[in-house]
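Here is the naming used below: chain letters follow the sequence lines, and residue numbers restart at 1 for every chain. Everything quoted here is computed from the prediction, not taken from an experiment.
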There are 2 protein chains.
Amino acid sequence: MASIKDVAAAAGVSVATVSRVLNDHPSVSADARARVLAAVTALGYRPNAVARSLRTDQTRTLGLVISDVLNPYFTELARSVEEEARALGYSVIIGNADERPELQDHHVRTLLDRRIDGLLVSPTDGGSPLMLDAARTGTPMVFVDRWIEGVDVPVVRSDGRAAVRDLVAHLHRLGHRRLAIIAGPAATTTGRERVDAFREALSAYGIPLPDAYRGQGDFQAESGRRATEGFLDLPEPPEVVFAADNLMALGALDAIRARGLRVPDDIALAAFDDIRWFVHTDPPITAIAQPTGDLGRAAVRALVDRIEGRPPASVTLPARLVVRRSCGAPAAAQAPAVRLSPMQRSTS
Amino acid sequence: MASIKDVAAAAGVSVATVSRVLNDHPSVSADARARVLAAVTALGYRPNAVARSLRTDQTRTLGLVISDVLNPYFTELARSVEEEARALGYSVIIGNADERPELQDHHVRTLLDRRIDGLLVSPTDGGSPLMLDAARTGTPMVFVDRWIEGVDVPVVRSDGRAAVRDLVAHLHRLGHRRLAIIAGPAATTTGRERVDAFREALSAYGIPLPDAYRGQGDFQAESGRRATEGFLDLPEPPEVVFAADNLMALGALDAIRARGLRVPDDIALAAFDDIRWFVHTDPPITAIAQPTGDLGRAAVRALVDRIEGRPPASVTLPARLVVRRSCGAPAAAQAPAVRLSPMQRSTS
DNA sequence: CACGTCGATGTAAACGATTCCACGAGGAGG
DNA sequence: CCTCCTCGTGGAATCGTTTACATCGACGTG
């Protein structure tokens with residue numbers, strides 16, 4: 001592969017001049033510039049990003065460590081992150097933690113070794129020494145969706161508290177009183193927060209959240225299935241299951257179907273995180289939708305601000321309830337609730 | 001960040017010795033090794049992958065350019081690719097082309113500039129000059145899922161011909177005679193092949209595929225919706241719509257629902273590519289399932305073979321029909337067809 | 001006319017690793 | 001006791017860039 005030296009030789013100039021042309025430094029004669037450009041195309045020369053990074057100590061690359069690529073929420077997040085990063089002149093390297101802390105660490109380490117300019121993380125756990133260390137030693141970092149407490153890192157996330165209140169109001173209006181939740185891992189902020197918000201919203205109606213109605217999941221489908229089976233085995237099963245993410249809702253659906261029960265007649269179902277398929281499931285699933293694209297973009301902007309020396313800001317965006325039929329009552333009967341038309345896409 | 005020089009100084013040895021310890025070269029005394037290792041942990045030293053790559057001319061990184069991250073098929077492919085690559089000691093950088101050739105080129109260029117060791121591509125089009133050039137000039141490359149004809153690059157893909165025959169047999173048995181397909185872009189092999197396989201299977205029953213029953217899509221949901229609307233506007237609409245990928249099936253479902261029609265009573269639906277949600281859609285969707293994980297792993301092995309100087313082999317794996325209810329007749333009535341249990345996951 | 005300025009260019013030193021080569025010490029074999 | 005190997009080690013070149021500094025001519029100004 002041709003190097004800058006070959007170009008310099010072909011153009012009859014020094015490598016310095018070639019480099020100047022490539023980085024459009026002002027002080028280069030039109031003649032030299034033309035000869036260099038000609039040589040570049042003749043040789044099909046492309047600058048070696050590795051060498052450039054070594055010299056300039058920047059890679060123009062962002063690392064993104066997400067909890068699970070198979071989760072459509074994160075996949076959409078990843079897409080918007082890449083899009084915004086590209087617009088700002090950065091590339092993105094994605095690391096998939098698969099909800100496993102050790103895999104998350106593997107990716108953080110690899111990304112750090114590659115000297116990425118900044119790191120976007122949606123932590124799977126409470127924070128490994130490695131990640132805490134990276135944050136402390138000044139690696140530009142931003143948390144997105146989930147975060148770690150007690151670390152001085154900007155957080156870009158959405159607040160589902162109001163939407164969860166709306167959901168509980170909706171459920172209460174439909175007459176449901178025995179409400180259960182499948183929680184995410186307690187080590188994650190979203191794992192805890194969604195439960196807290198749910199419990200708080202319930203208490204406004206004087207409804208308790210017994211331990212038996214709090215299933216423990218790990219944000220993966222299989223755990224949703226197990227937790228739901230637990231609920232269904234109870235002497236008094238809940239009337240509603242609220243899954244803290246879309247994959248656990250899928251698992252819940254599997255479990256319900258396996259018992260030959262129907263949603264919402266036998267048991268109602270709602271989920272955190274809206275995905276396109278929820279419109280077409282049987283029945284369409286009521287969900288809490290996050291402004292995923294906006295989150296991704298805001299996170300990138302915060303990180304790039306940090307990298308380029310501007311003060312980064314934390315951002316919190318509201319989530320909203322999308323009522324469908326999985327909790328009972330025809331959606332048409334719902335008066336004021338916001339609805340997604342079947343074809344509405346998240347803005348992207 | 002500490003460099004190898006700092007480690008050398010701390011350990012009282014030369015950088016050469018540090019490097020030898022790090023790459024466990026045999027000829028290093030136990031004493032020196034111990035001192036170096038101590039210094040490494042004391043300083044929290046991590047080798048700079050950029051510098052190492054520059055010197056060794058290898059990055060131990062694979063590029064993966066996929067057509068659309070939002071498509072669960074590709075997301076699962078990406079996951080298995082990363083998994084296998086990691087097992088073989090490589091990292092993966094994913095580029096998402098969003099079915100746009102110019103974006104695909106952008107990513108190929110970026111990946112090449114970063115001097116990745118090899119490239120895995122599922123081409124969005126017939127092959128840009130850039131990609132053809134890369135293939136010709138010896139960049140280790142493997143096509144996965146889709147490929148480009150006339151280029152000497154191994155292909156790892158699945159053959160859906162038999163499964164499509166099974167599908168058509170299934171549809172014919174149910175009494176359907178007017179069968180339509182939503183095709184993918186003609187510039188992609190999968191876009192053409194699936195139509196060819198379908199037409200061929202139909203002809204075995206003496207059924208033609210009129211132009212009006214061949215909708216043109218681009219593998220995105222919106223195009224599936226438009227094509228389906230076109231079908232429904234026909235004086236004699238088809239009895240079955242076969243979408244060449246899962247997203248266009250989603251669009252088709254949107255269009256059918258928007259007209260207030262029911263599947264399969266008013267119109268039947270089937271899709272290429274099986275995804276977990278198809279079990280829970282209304283109704284569950286009959287689909288052709290590819291061995292996605294196996295494809296990803298085989299592709300990585302082929303590419304790494306190529307990179308490490310072993311002869312790479314093309315691989316073709318069979319797809320299979322998964323009968324559900326979207327084409328009519330209770331699935332229970334289906335005698336010999338292979339079925340996915342609701343909880344079956346792709347092996348991973 | 002001399003001098004300072006400025007624009008265009010080249011030379012060479014980094015960046016952080018790997019690796020070839022040389023060198024010295026010590027042990028084995030004659 | 002000399003020679004030759006082997007082992008452990010360090011010096012220095014190298015990978016492909018960027019960039020500080022030096023140089024050199026031309027030009028404008030006092």
Contact class for [X] vs. all strands (heavy atom < 4.0 Å): base, sugar-phosphate, or nothing?
{"X": "A/N23", "result": "sugar-phosphate"}
{"X": "B/T17", "result": "sugar-phosphate"}
{"X": "A/V50", "result": "nothing"}
{"X": "A/S3", "result": "sugar-phosphate"}
{"X": "B/T56", "result": "sugar-phosphate"}
{"X": "B/A49", "result": "nothing"}
{"X": "B/V18", "result": "nothing"}

Legend entry - Value rounded to 0.5 Å, distance of OG1 in A/T59 from CG in A/D117: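 CG of A/D117 is found 3.5 Å from OG1 of A/T59.
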Inset, instruction - Would you kindly check whether a donor in the side chain of A/R115 faces an acceptor in the base of C/dG16, or vice versa, at under 3.5 angstrom? - result: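 Side chain to base: no pair below 3.5 Å.
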Legend entry - Residue whose closest nucleotide on DNA chain D lies nearer the 5' end, B/S14 versus A/I4: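 With B/S14 and A/I4 compared, the 5'-side residue is B/S14.
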Legend entry - Side-chain ion pair, B/R136 and B/D133, N-O less than 4.0 Å: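 No, B/R136 and B/D133 are not salt-bridged.
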Legend entry - Covered region of DNA chain D, 5' end to 3' end, by chain B [heavy atoms, under 4.0 Å]: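 Nucleotide range with atoms under 4.0 Å of chain B: D/dG8 to D/dG16.
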